Number of protein chains: 2
Amino acid sequence: MDQNSLPPIQTTARDDAVLKALVSFVRAEALQPGERLPTERILAERLKVSRNTVREALTRWEGLGLVERRQGSGTYLKAAVSPDMLHLPLTLAGGSDFTSLMQTLEIRRALEAEAAALCAERASRADIAEIERKLDIMEQAFRTRDGMSSEEDWEFHQAIYRVSGNPLFEQIIAAMHELFHRFWEHPLGVRDFGHASFPYHRTIFERIAARDPEGARGEALKLIATVEDDLKRGAANLKLSSQT
Amino acid sequence: MDQNSLPPIQTTARDDAVLKALVSFVRAEALQPGERLPTERILAERLKVSRNTVREALTRWEGLGLVERRQGSGTYLKAAVSPDMLHLPLTLAGGSDFTSLMQTLEIRRALEAEAAALCAERASRADIAEIERKLDIMEQAFRTRDGMSSEEDWEFHQAIYRVSGNPLFEQIIAAMHELFHRFWEHPLGVRDFGHASFPYHRTIFERIAARDPEGARGEALKLIATVEDDLKRGAANLKLSSQT
DNA sequence: AGTGGTCCAATGGTCCAACCAATTTCTGCA
DNA sequence: TGCAGAAATTGGTTGGACCATTGGACCACT
């Protein structure tokens with residue numbers, strides 16, 4: 001490691017300065033997401049600040065999802081950082097009941113449709129090939145395990161968001177996705193949840209490959225509609241089973 | 001094997017526990033945004049944790065914009081808190097300001113269209129009257145001041161989000177709106193920014209009043225399109241003026 | 001070669017006690 | 001009464017200590 005890329009800090013507003021220094025460091029060392037950054041003790045020593053100050057700064061980055069701290073192991077970069085980053089902490093008041101889930105789905109419907117349309121507009125040949133690869137993997141998993149595989153399914157959707165060229169899609173939908181799964185886990189009833197959505201993955205891909213934005217938007221809307229139906233059926237089951 | 005059946009165990013989570021306790025406290029005391037919460041020293045003593053731990057927790061809340069710390073004064077609540085909050089740290093990285101603005105607009109386009117459609121589906125007579133009232137106020141302001149009034153314009157849109165029945169629309173778009181204005185202020189060129197969007201406010205309202213979801217969605221898309229055009233013109237101006 | 005056990009150094013998490021810096025509140029003098 | 005300065009309050013920073021977890025090294029046994 002190049003020790004010269006971590007000069008000491010001077011002014012007040014310490015923890016902010018620490019973050020700035022870290023940005024420079026990450027750039028200088030060309031750290032990629034997943035790599036480990038220096039230990040808190042080393043950072044404190046090099047920057048000539050106390051370890052607590054370093055921790056305050058890292059806590060902020062952790063809250064923004066930029067790094068992940070693993071006790072006993074180290075602190076790892078989770079996303080690319082750049083000097084001109086804009087952080088928009090958005091806290092939504094969302095419950096974990098049926099209504100809240102439907103509301104997150106309405107958001108996802110809107111974004112999913114738009115992302116699919118943008119993707120159809122902007123996808124290069126390589127992009128299309130990449131999406132098809134993810135689709136094949138997903139279909140393969142579906143056939144062997146005879147059911148939706150949330151992991152591979154999610155990969156497919158993420159590929160679409162990425163190709164849309166707007167990282168906000170992935171970030172917002174990922175948060176919705178997480179909220180959804182936090183509640184879902186083992187969703188009480190509806191054994192074949194997501195089954196109905198399966199065929200629409202390929203139709204979405206076909207519309208994207210055909211550079212048909214409106215078609216892609218339409219297919220995405222159909223996909224979300226099937227999920228909403230499943231959710232309603234699950235809610236009905238839940239209602240029945242709780243009446244015992 | 002189903003990997004989900006073995007979730008990681010959780011032994012220590014001090015600062016998380018502190019935040020939970022704070023949520024309870026805020027609810028118990030019915031603290032409103034702007035009010036001061038206990039000092040770090042008192043929290044540390046009452047919760048039987050060290051002040052450092054309290055500070056880590058408060059740092060997280062500060063990063064999420066839930067709280068504001070003023071040295072020498074105290075820590076103040078900045079937003080309502082609830083037990084089940086969904087935190088969505090958005091990060092706009094890399095690109096120029098123009099790119100960031102276009103990306104927020106793409107999100108807004110998706111949500112605005114969906115909100116308008118939902119609104120057209122669900123609006124009651126009273127809702128429609130309320131929206132029309134906001135529309136009249138906006139048009140009045142437009143005529144007297146001969147230009148878009150962001151204040152009244154925003155009120156009109158918010159009314160639509162509210163009637164959509166999904167509070168997430170208003171929350172997310174509000175965040176985009178704020179981000180947009182942080183950049184915008186009075187940005188260089190394009191004197192009549194937003195002028196072109198004016199007529200679409202009434203057409204959106206008409207489609208809502210007619211209970212025509214698809215029509216409302218279409219008009220909303222047109223409105224955002226005019227804003228995007230304005231933005232592109234502004235970017236062109238900016239490019240020219242920066243070449244001096 | 002592989003399996004499990006033990007040890008140990010590294011690392012993040014927590015704690016403590018003090019001091020610094022900004023702010024607010026109180027006090028005493030004019 | 002008014003107001004400048006002292007004192008108390010509060011968040012910000014420091015340095016040092018110890019705890020809990022991790023992951024690798026080493027070893028005994030199969």
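Here the structure is a predicted model, which means the values were calculated and not measured. Residue numbering restarts at 1 for every chain, and letters A, B, ... go by the order of the sequence lines.
What separates CG of B/N52 from P of D/dC18 is a distance of 17 Å, to the nearest Å. For the pair B/L47 CG and C/dT14 C1', the computed distance is 14 Å after rounding to whole Å. The nearest whole Å value for the distance from the CZ atom in B/R14 to the C1' atom in D/dT21 is 15 Å. Taking atom CD of B/E56 as the reference point, atom C1' of D/dG12 lies 14 Å away to the nearest angstrom. Nucleotide C/dT11 holds its C1' atom 12 Å from the CG atom of A/L43, rounded to whole Å. When the P atom of C/dT14 is taken as reference, atom CD of B/E45 falls 20 Å away, rounded to whole Å. Atom CD in A/E68 sits roughly 14 Å away from atom C1' in D/dT21 (whole-Å rounding).
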Each nucleotide N or O in nucleotides 6-11 of chain D that has a protein N or O under 3.5 Å away: list the pair and distance.
from	atom 1	to	atom 2	distance (Å)
D/dT10	OP1	B/R36	NH2	3.2
D/dT10	O2	B/G72	N	3.2
D/dG11	OP1	B/T75	N	3.4
D/dG11	OP1	B/T75	OG1	3.3
D/dG11	OP2	B/E40	N	3.1
D/dG11	N7	B/R41	NH1	2.9
D/dG11	O6	B/R41	NH2	3.0
D/dG11	N2	B/Q71	OE1	2.9

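Applying the ring-ring contact (aromatic ring centres under 6.0 Å, His included) rule to A/Y200 yields no partners; only residues at least two apart in sequence or on another chain are considered.
In summary, A/K134 and A/E130 engage in a salt bridge, as defined by a charged side-chain N under 4.0 Å from a carboxylate O.
In this structure, A/R122 contributes its side chain and A/S164 its backbone to a donor-acceptor pair below 3.5 Å.
Note that CZ of B/R36 and CG of B/L77 are 13.0 Å apart. Values are rounded to the nearest 0.5 Å. Remark: B/L58 CG to B/L37 CG distance equals 7.0 Å, nearest 0.5 Å.
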Under the criterion salt bridge (Lys or Arg N to Asp or Glu O under 4.0 Å), I'd like the reasoning laid out for A/E112 against A/R109: C-alpha separation, chi angles, the key distance, then a yes or no.
CA-CA 5 Å; A/E112 192 88 33; A/R109 175 173 57 192; over 6 Å; no

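Put simply, the side chain of B/D15 and the base of C/dG13 share no donor and acceptor less than 3.5 Å apart.
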